[in-house]
Participant: 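Have a look at the structure that comes next, please.
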Amino acid sequence: METSTTTARLYEEATAHVEQAAIALDMDPKVRRILSAPKTELIINFPVLRDDGEYEILQGYRIQHNNVLGPYKGGMRFHPAVDLDEVRALATWMTFKCALMQLPFGGAKGGVAIDPHTLSDGELERVVRRFTHALGDNIGPEFDIPAPDAGSDARMMGWMMDTYLNSRGPGERQNDRRVVTGKPVELGGSAGREEATGRGAAYALRHLYGEFDRSLDGGTTAIQGFGNVGTHAAYALHELGMKVVAIADVTGVVYDAKGLDIEKLDAHRTASGGVADYIDADALTSDEFFALDVDVLVPAALESQITARNVDSVRAHVILEAANGPVTTEAAAVLEHGGVHVIPDILANAGGVVVSYYEWVQNKTSDRWSATDVGVRLRNSIWGAADRVAARREERGCTRRQAAYMEAAELLERAYSLRGIFP
Ligand code: NAD
C-alpha cells in the first residue's frame, strides 16, 4: 500500500472541505466524525496474465465512503498514479456530489494502478475481468455501482458488467445490468451518458454565467484534457458560441487564437492518440497554456493542476472544474482573492453521475429514454443544483465551493438525524 505526498495532501484537502462545511453548519459531532472517514476500504492484489506469458500482480482499490443516502456510487480509474489516498479523496467527493445533486446514492471510488495505454486489448480485458472478479460481492446493483472515470470507458464497463453477472448463481440477479453504469447503449447504457459530464459542465457554466458580467457568445475558452470529459465539454462550449482557443492533453498543447476546429482535432486525436503534431495550430508549453488570457479555463484532466506554483500566472476570468480536484485549496484561495470565479467540481462535473442515475433507473424499470429526454432532465438537474449553490452563497457570503459542500452536508446530516445512528 503506497501513497504519495501529493495524494496524501489531496485527501487532506477533501476532508478539509467536509470539515469546513461541518463547522459552518454547526453539525452534530457524531455525523461529522462519520463523514470524515470512509466506511470501507478495499485493497486488492490480483494477478494478470500478460501477452508474453508472464503474470503480473496489480493493485486495485475500492473505497466506499458513505451510503446513508443510497447505494455506493463512483467511477473506476485506471492510471499509473492511482493510490489509496487518491481514491479516498475521490470517494469523499462522490458522497458530497451525489448529495448536492439530491441523488439516492452514496459515494465510492475505485481504480487500478496501471496505464491502460500500455496494454493490448486482450491484457486490458483480463485486467478488468480479474479485478471485477476479485471485487466479488463488494459491488452490486443495490450495493455499490461502478462507472467510468479517467482511463476507463464504456467498453470496459461492459466487461465489468459481464464478469459480475456471469459469476451470479441461479436466481441471483443474473440480468441486473444496474451493477455498472456508463455501459455501451447496446448493453443497457443510457443515451447521453457518454457526453453527460462535459455537457453538464457547460450547463453549469451557462446557468451561472449571468453572475460574471460577460457574454458566453464569442467568449474564449481553453481546455486541459481531451478525453471523455474534455472532448464533450469542447463540443458543448463551442455550441454555446465560445471559441475553444487551446486544448491540452498528456501529449502536448495546441493553440489557435481564431478557435480550434474541434471535429478535426478530435479526428486527429483518434488517429494519432493525442493532440500533439496537429498541424492546423501552434504548440504551447503547459505553463503557457495555464497563463492564457481566456474567459473560461476548463481543467478536465486530473487533480492538482492549478497549484501555488502556477496560480499567479492564471489570467482566466472563470475556472470551470470539469475534473475532480484540479485546483488545490491554496490556489483556490488566491483565485477567489483575485476575483476569479471558480465553479466547483462537485457541481461542474456532476453530469456524469446524474446520467448514471438515469441509466440505473432505466435498467430498473426496463425503460429507454431518448437523448433529448436525458438532456432536458440533466440540464434541469444541473440548473437546480446551481441555483441552490447560488442561493446558499448569497445567504452565507462564502465561496461557491463552500456553498456546494454546505448544501450537500446539510442533506447528509438530515438523513442521519432522521434515520438515527445505530447505538
Ligand atoms: P480520460 O482518461 O477520458 O481523459 C483524460 C484526459 O486528460 C486525456 O486527454 C489525457 O491525455 C489528459 N491528461 C492526463 N494527464 C494529463 C496531464 N498531466 N496534462 C495534460 N493532460 C493530461 O478521463 P475523463 O473521463 O475525461 O476524466 C477527466 C477528469 O474528469 C478526471 O478528473 C475524472 O475524475 C473527472 N470526471 C470524469 C467523469 C466521467 O464521466 N468520465 C465524471 C466526473 C468527473
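This structure is a prediction, so every number in the text was calculated from the model and none was measured. Each ligand, and each atom within it, is numbered from 1 in the order the structure gives. Position 1 is the first residue of the sequence; numbering continues from there. Side-chain atoms are counted along with the backbone in the values below, which use heavy atoms only and exclude waters and symmetry mates.
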Participant: Please could you name the atoms of ligand 1 that Arg193 approaches to less than 4.0 Å, counting only its heavy atoms?
Facilitator: 40 (O)
Participant: Mind checking whether Arg77 contacts ligand 1 via backbone (N, CA, C, O), side chain (CB onward), both or neither, at a 4.0 Å heavy-atom cut-off?
Facilitator: side chain
Participant: Nearest non-hydrogen atom to atom 38 (C) of ligand 1 belongs to which of Asn349, Thr197, Val353?
Facilitator: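 Of the listed residues, Thr197 has the closest heavy atom.
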Participant: Under 6.0 Å from the six-membered ring centre of Phe226 and within 45° of its axis: does the NZ or CZ of Arg269 meet both?
Facilitator: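 Pair Arg269/Phe226 counts as cation-pi.
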Participant: Test Arg9 against Glu303 for salt bridge (Lys or Arg N to Asp or Glu O under 4.0 Å), laying out the working first.
Facilitator: CA-CA 11 Å; Arg9 198 169 322 122; Glu303 56 268 7; over 6 Å; no
Participant: When you look at CZ of Arg414, are more than 12 heavy atoms from neighbouring residues, nucleotides or ligands closer to it than 6.0 Å?
Facilitator: no
Participant: Students should be able to answer this: which protein heavy-atom is nearest to atom 23 (O) of ligand 1, and at what distance?
Facilitator: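 For atom 23 (O) of ligand 1, the nearest protein heavy atom comes out as Ala150 CA, 3.2 Å.
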Participant: Just to be sure I'm reading this right: ignoring hydrogens, which of Ala323, Gly74, Gly151, Ala300 gets closest to atom 1 (P) of ligand 1? Compare them by their nearest heavy atoms.
Facilitator: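 Closest candidate by heavy-atom distance is Gly151.
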Participant: Of all the non-hydrogen atoms in the protein, which one sits nearest to atom 18 (N) of ligand 1, and at what distance?
Facilitator: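 I find the closest protein heavy atom is Gln305 OE1, 4.4 Å.
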Participant: Provide, to 0.1 Å, the distance between atom 19 (N) of ligand 1 and the closest protein heavy atom, together with that atom's residue and name.
Facilitator: Gln224 NE2, 3.5 Å
Participant: With a cut-off of under 6.0 Å to the ring centre and 45° to the axis, is Arg168 in cation-pi contact with Tyr164?
Facilitator: yes
Participant: If we only count heavy atoms from C-beta on, is the Ile145 to Val179 side-chain gap below 4.5 Å?
Facilitator: no
Participant: Would you say Val68 and Leu35 make side-chain contact, with heavy atoms under 4.5 Å?
Facilitator: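 The answer is no; the side chains never approach within 4.5 Å.
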Participant: Going by the closest heavy atom to atom 32 (O) of ligand 1, which one wins out of Asn228, Asn324, Val354?
Facilitator: Asn324
Participant: Given Thr251, Val229, Asp153, identify the one with the heavy atom nearest to atom 30 (O) of ligand 1.
Facilitator: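 It is Val229 that holds the nearest heavy atom.
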Participant: For the 3.5 Å polar cut-off, considering only N or O atoms, please tell me whether Val250 and ligand 1 meet it.
Facilitator: yes
Participant: Is there a side-chain contact between Leu84 and Ile43 (heavy atoms, below 4.5 Å)?
Facilitator: yes
Participant: Would a 4.5 Å heavy-atom cut-off, applied to side chains only, mark Trp159 and Thr132 as touching?
Facilitator: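 Contact flag for Trp159/Thr132 side chains = no.
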Participant: If you have a sec, work out which protein heavy atom is nearest atom 33 (C) of ligand 1 and how many Å separate them, to one decimal?
Facilitator: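 Answer, as residue, atom name and distance: Asp149 OD1, 3.2 Å.
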Participant: Between Ala147 and Ser356, which heavy-atom pair has the shortest distance, and what is it?
Facilitator: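 For Ala147 versus Ser356, the nearest heavy atoms are CB-OG, 4.1 Å.
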Participant: Write out all pairs satisfying ring-ring contact (aromatic ring centres under 6.0 Å, His included) with one or both partners inside residues 271-308, taking only residues at least two apart or from two chains.
Facilitator: His268-Tyr278
Participant: Could you check atom 13 (N) of ligand 1 against the protein and tell me its nearest heavy-atom contact, residue, atom and distance included?
Facilitator: Ala301 CB, 3.7 Å
Participant: Would Phe105 and Tyr72 count as a ring-ring contact (aromatic ring centres under 6.0 Å, His included) here? Give the steps.
Facilitator: CA-CA 6 Å; Phe105 285 143; Tyr72 297 109; over 10 Å; no
Participant: Going by the atom numbers of ligand 1, which of them fall below 4.0 Å from some non-hydrogen atom of Leu302?
Facilitator: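 So the atoms of ligand 1 that pass are 15 (N).
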Participant: Look at ligand 1 and say whether Arg269 reaches it with a heavy atom at a distance under 4.0 Å.
Facilitator: no
Participant: Output the list of atoms in ligand 1 that are nearer than 4.0 Å to some heavy atom of Gly227, sorted by atom number.
Facilitator: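 Heavy-atom distances to Gly227 below 4.0 Å select 3 (O), 4 (O), 6 (C), 8 (C), 9 (O), 26 (O).
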Participant: Below 3.5 Å, N or O to N or O, backbone or side chain included: is there any such pair between Phe226 and ligand 1?
Facilitator: yes
Participant: Taking 4.0 Å as the limit for heavy-atom contacts, which would you say applies to Ser152 with ligand 1: side chain only, backbone only, both, or neither?
Facilitator: neither
